[in-house]
Amino acid sequence: SQQGEEDPQALSIQEGENATMNCSYKTSINNLQWYRQNSGRGLVHLILIRSNEREKHSGRLRVTLDTSKKSSSLLITASRAADTASYFCGQGASISSGSARQLTFGSGTQLTVLP
Amino acid sequence: NAGVTQTPKFQVLKTGQSMTLQCAQDMNHEYMSWYRQDPGMGLRLIHYSVGAGITDQGEVPNGYNVSRSTTEDFPLRLLSAAPSQTSVYFCASSMRDRAAYEQYFGPGTRLTVT
C-alpha cells in the first residue's frame with residue numbers, strides 16, 4: 001500500500017500556540033495535499049504542494065515537503081479553537097494504478113485547540 | 001453550486017439487504033470517487049471513475065458496485081450488506097486527474113449494518 005502516516009495521532013494545544021503535524025509516505029509522489037475534517041463532516045482541501053516545491057503558505061498555514069525524506073509537515077500558526085479538527089495528508093501518486101493515478105490518505109491527526 | 005451532495009445522511013440496514021448510496025456533483029467534474037472511513041484507518045478508496053462510462057476498482061472494492069452513466073451522478077451499490085460494511089462513506093469529485101487536483105468531498109453517509 002502507498003498509504004502514509006500522520007504524526008502525531010493526536011495533538012492538544014492552547015489557543016494562540018502553533019500546531020505542527022507531520023506526514024510520511026512511501027512511494028514517489030506528484031504532489032501532497034492537506035485536508036481538514038471537522039467532526040461529522042466531509043474533508044475540506046487546505047493546500048496542495050507539488051513535488052518540485054519545498055514550502056508553501058496559505059494564510060496561517062505553512063506546508064513543507066522533503067522528498068528525500070518522503071515527509072511533509074503542516075504548521076498552523078496562532079491556532080484558534082475553530083482549528084479543532086482532524087487533519088489528513090493525501091499523497092498524489094506519480095504513476096498510474098488502474099485508469100488513473102491514486103490519491104491515498106493517512107489515518108489523520110486529531111488536533112484539539114483549547115480556549 | 002451545491003457542490004457534492006450525498007443521500008441519505010444516515011442509513012441502517014440488516015445483513016443481506018441491498019441499497020444504493022447516491023452521489024451527485026454540479027461542478028462538471030470528470031473524476032469521482034467513493035471512499036469509506038473507519039476509525040483509525042483513514043480513508044480507503046472503494047471505486048472511482050475518470051468519466052462517464054468508465055469506472056475502476058480502488059483499494060477495497062469487494063461487496064460494492066458502481067456505474068457512471070452521466071457526468072453528474074456516481075451511485076454506490078451495496079449488493080448484500082454485511083456488518084463489516086458499517087462505516088462512513090464519502091463521495092468526492094475533482095476537476096481532472098484526482099491525484100493532481102484538489103478533491104471536493106460530500107458530507108458523507110453514515111451506514112450501520114446490523
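Chain identifiers are assigned alphabetically (A, B, ...) following the order of the sequence lines, protein sequences preceding nucleic acid strands; residue numbering begins at 1 within each chain.
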Are [Y] and [X] connected in a single hydrophobic cluster, I mean Ile/Leu/Val/Met/Phe/Trp/Tyr linked by side-chain heavy atoms less than 4.5 Å apart?
X        : Y       : value
B:Phe105 : B:Val4  : no
B:Tyr104 : B:Val88 : no
A:Leu74  : A:Leu65 : yes
B:Ile54  : B:Tyr31 : yes

Once rounded to the nearest 0.5 Å, what's the spacing between atom [atom1] of [X] and atom [atom2] of [Y]?
X        : Y       : atom1 : atom2 : result
B:Tyr101 : A:Gln33 : OH    : CD    : 11.5 Å
B:Glu102 : A:Ile47 : CD    : CD1   : 11.0 Å
A:Thr104 : B:Leu43 : OG1   : CG    : 10.5 Å

4.5 Å side-chain heavy-atom contact, [X] and [Y]:
X        : Y       : result
A:Arg41  : B:Phe90 : no
B:Gln37  : A:Phe88 : yes
A:Leu103 : B:Leu45 : no

Q: Look only at the side chain of A:Tyr35 and the backbone of B:Gln103, and say whether a donor-acceptor pair between them is shorter than 3.5 Å.
A: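 Side chain of A:Tyr35 to backbone of B:Gln103: a pair is present.
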Q. By a 4.5 Å heavy-atom criterion (distance strictly below it), what part of B:Gln6 contacts chain A: side chain, backbone, both, or neither?
A.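 When you check distances to chain A, no heavy atom of B:Gln6 falls under 4.5 Å.
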Q | Toward chain B, the part of A:Gln9 with a non-hydrogen atom under 4.5 Å | A |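 No part of it gets close to chain B.
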Q) Is the CZ atom of A:Arg80 crowded by more than 12 outside heavy atoms at less than 6.0 Å? A) no
